[in-house]
Amino acid sequence: MAVDHRRFLTDLHKLREFGASGVGKGVVRPAYSDADIAARQWLAVRMAEAGLTPQFDPVGNLFGLASGRSLLMGSHSDSQPEGGWLDGALGVIAALEIARSSDRPISVVSFQDEEGRFGVTTGSAVWSGGLPLEKADVLTDGAGVTFCQARSTMADLSQSFVDPSQFSGFVEMHIEQGLSLDATREQIGVVTDIVGIRDMSITYEGQQNHAGTTPMHLRRDAFQALSVFNTRLNERFRNVVTPQTVWTIGRVELHPNASSIVPGRVRFSMQWRDSDADRLVRMEEIIRATAQEIADELGMALDYGPMLGLEPVAMDLTLRGALENGAEQVAQGKWRRMPSGALHDATNVSRLMPVAMLFVPSINGISHDFAEDTAETDLIAGLEVLDRAMRSLSS
Ligand code: HGY
Ligand code: MN
Ligand code: MN
């Protein structure tokens with residue numbers, strides 16, 4: 001049976017209704033929010049209608065299982081706090097459409113908390129054995145809710161994890177979330193490898209005090225510590241990084257966050273990514289040394305949260321070859337091989353089985369923003385590539 005473009009697009013738009021932000025096509029569907037859980041329940045019904053057996057695992061990863069040995073396809077359906085409608089959702093709905101139309105058994109998955117409300121790709125990290133459940137359970141979100149508390153709000157969770165040995169491999173379709181394909185008007189990217197990441201929180205504790213009466217030279221101002229840290233880190237990284245290396249302080253909690261109080265405490269996220277595992281280690285050494293130096297200079301107590309991370313991984317050559325053949329048939333002269341600078345569940349799944357990934361363009365390279373979008377013709381081209389690849393694998 002051929003893939004049904006209309007049914008695929010209709011389901012993609014239907015999934016967007018869960019947590020639709022009201023701004024453009026954006027969604028607000030963080031892991032374990034009411035919108036996320038409702039979307040997963042809707043997906044479970046769609047899986048059952050496709051002849052798959054839906055199963056929620058103990059952390060809320062949703063599998064739609066084909067009987068017997070199958071190829072697993074999918075991605076995630078949770079979003080960033082301000083997310084786009086395609087990040088993750090595209091891979092899940094494309095997988096559903098392939099499962100409905102393919103002659104070979106295809107299972108579908110929507111992993112939980114890929115966007116890292118609690119960790120880094122938490123649901124697939126736990127399922128793949130990369131993150132023990134007891135360690136995941138004590139991770140907290142920005143508001144102090146634990147992963148254990150959040151997952152216990154989901155009903156219908158199975159007591160056991162899905163056995164990965166029933167799957168022969170994993171294929172994930174995703175938007176690129178960068179500028180490469182859009183800039184050159186190419187339609188398809190076949191992923192060669194996915195970068196590695198480290199992520200942890202850093203806390204400086206100084207002395208909270210009155211902003212009018214505390215002389216500058218006596219202050220132990222936590223915001224000043226963060227400010228100096230950021231500037232010095234950027235200088236120190238210069239000799240170590242490449243143009244592809246990235247690092248981000250994306251969340252800052254300043255306490256008590258009031259204009260007439262010298263801030264006594266700051267907790268902030270420190271994340272860095274690179275395709276070279278050794279460089280990730282070197283960067284960590286610089287971060288820790290710089291943070292300690294500033295703590296000593298400014299009289300701050302320094303504390304670190306748990307270090308989370310994923311190593312860089314290469315895609316499986318056989319599955320990748322099938323995607324390349326599909327790309328050549330659907331988008332001749334308009335596709336390329338490329339690395340992924342964003343993280344994906346495929347990194348975790350590669351611990352268990354061969355994995356491969358396919359990208360379609362992101363308009364203006366924008367993602368993790370309500371403005372994220374992709375041309376409909378490119379969404380369909382991606383689905384067609386997947387379909388051709390699956391057919392060539394079964395023959
Ligand atoms: O952050 C990432 O790369 C992914 O979108 N969670
Ligand atoms: Mn994603
Ligand atoms: Mn994302």
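Atoms within a ligand are numbered from 1 in the order they appear, just like the ligands themselves. Computed from heavy atoms alone, side chains included, the values below leave out hydrogens, waters and symmetry copies.
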Trainee: Which label fits Phe229 and Tyr204: parallel for a plane angle under 30°, tilted from 30 to 60°, or perpendicular past 60°?
Mentor: perpendicular
Trainee: Based purely on interatomic distance, does Glu114 place a nitrogen or oxygen under 3.5 Å from a nitrogen or oxygen of ligand 1?
Mentor: yes
Trainee: Are the side chain of Tyr32 and the backbone N or O of Ser152 linked by a donor-acceptor pair below 3.5 Å?
Mentor: no
Trainee: Checking side-chain contact (heavy atoms from CB on, under 4.5 Å) between Arg273 and each of Thr245, Val246, Leu310, Ile194, which is the one that passes?
Mentor: Val246
Trainee: Go through ligand 1 atom by atom and flag the ones less than 4.0 Å from a non-hydrogen atom of Glu115.
Mentor: 4 (C), 5 (O), 6 (N)
Trainee: From the options Gln80, Glu372, Glu176, select the one residue that forms a side-chain hydrogen bond (donor to acceptor under 3.5 Å, both in side chains) with Ser367.
Mentor: Glu372
Trainee: Enumerate the atoms of ligand 1 whose separation from the nearest heavy atom of Ala342 is less than 4.0 angstrom.
Mentor: 3 (O)
Trainee: Taking 4.0 Å as the limit for heavy-atom contacts, which would you say applies to Arg273 with ligand 1: side chain only, backbone only, both, or neither?
Mentor: side chain
Trainee: Let's test this: below 2.8 Å, count the protein N/O/S atoms around the Mn ion (ligand 2).
Mentor: 3
Trainee: Just how far is it from atom CZ of Phe56 to atom CD of Gln41, taken to the nearest 0.5 Å?
Mentor: 6.0 Å
Trainee: Which pairs, with at least one residue in residues 306-327 and sequence neighbours excluded, count as a salt bridge (Lys or Arg N to Asp or Glu O under 4.0 Å)?
Mentor: Arg198-Glu311, Arg320-Glu324, Glu324-Arg337
Trainee: Of all the heavy atoms in His344, does at least one lie under 4.0 Å from an atom in ligand 1?
Mentor: no
Trainee: Are the side chain of Arg267 and the backbone of Ser201 linked by a donor-acceptor contact shorter than 3.5 Å?
Mentor: no
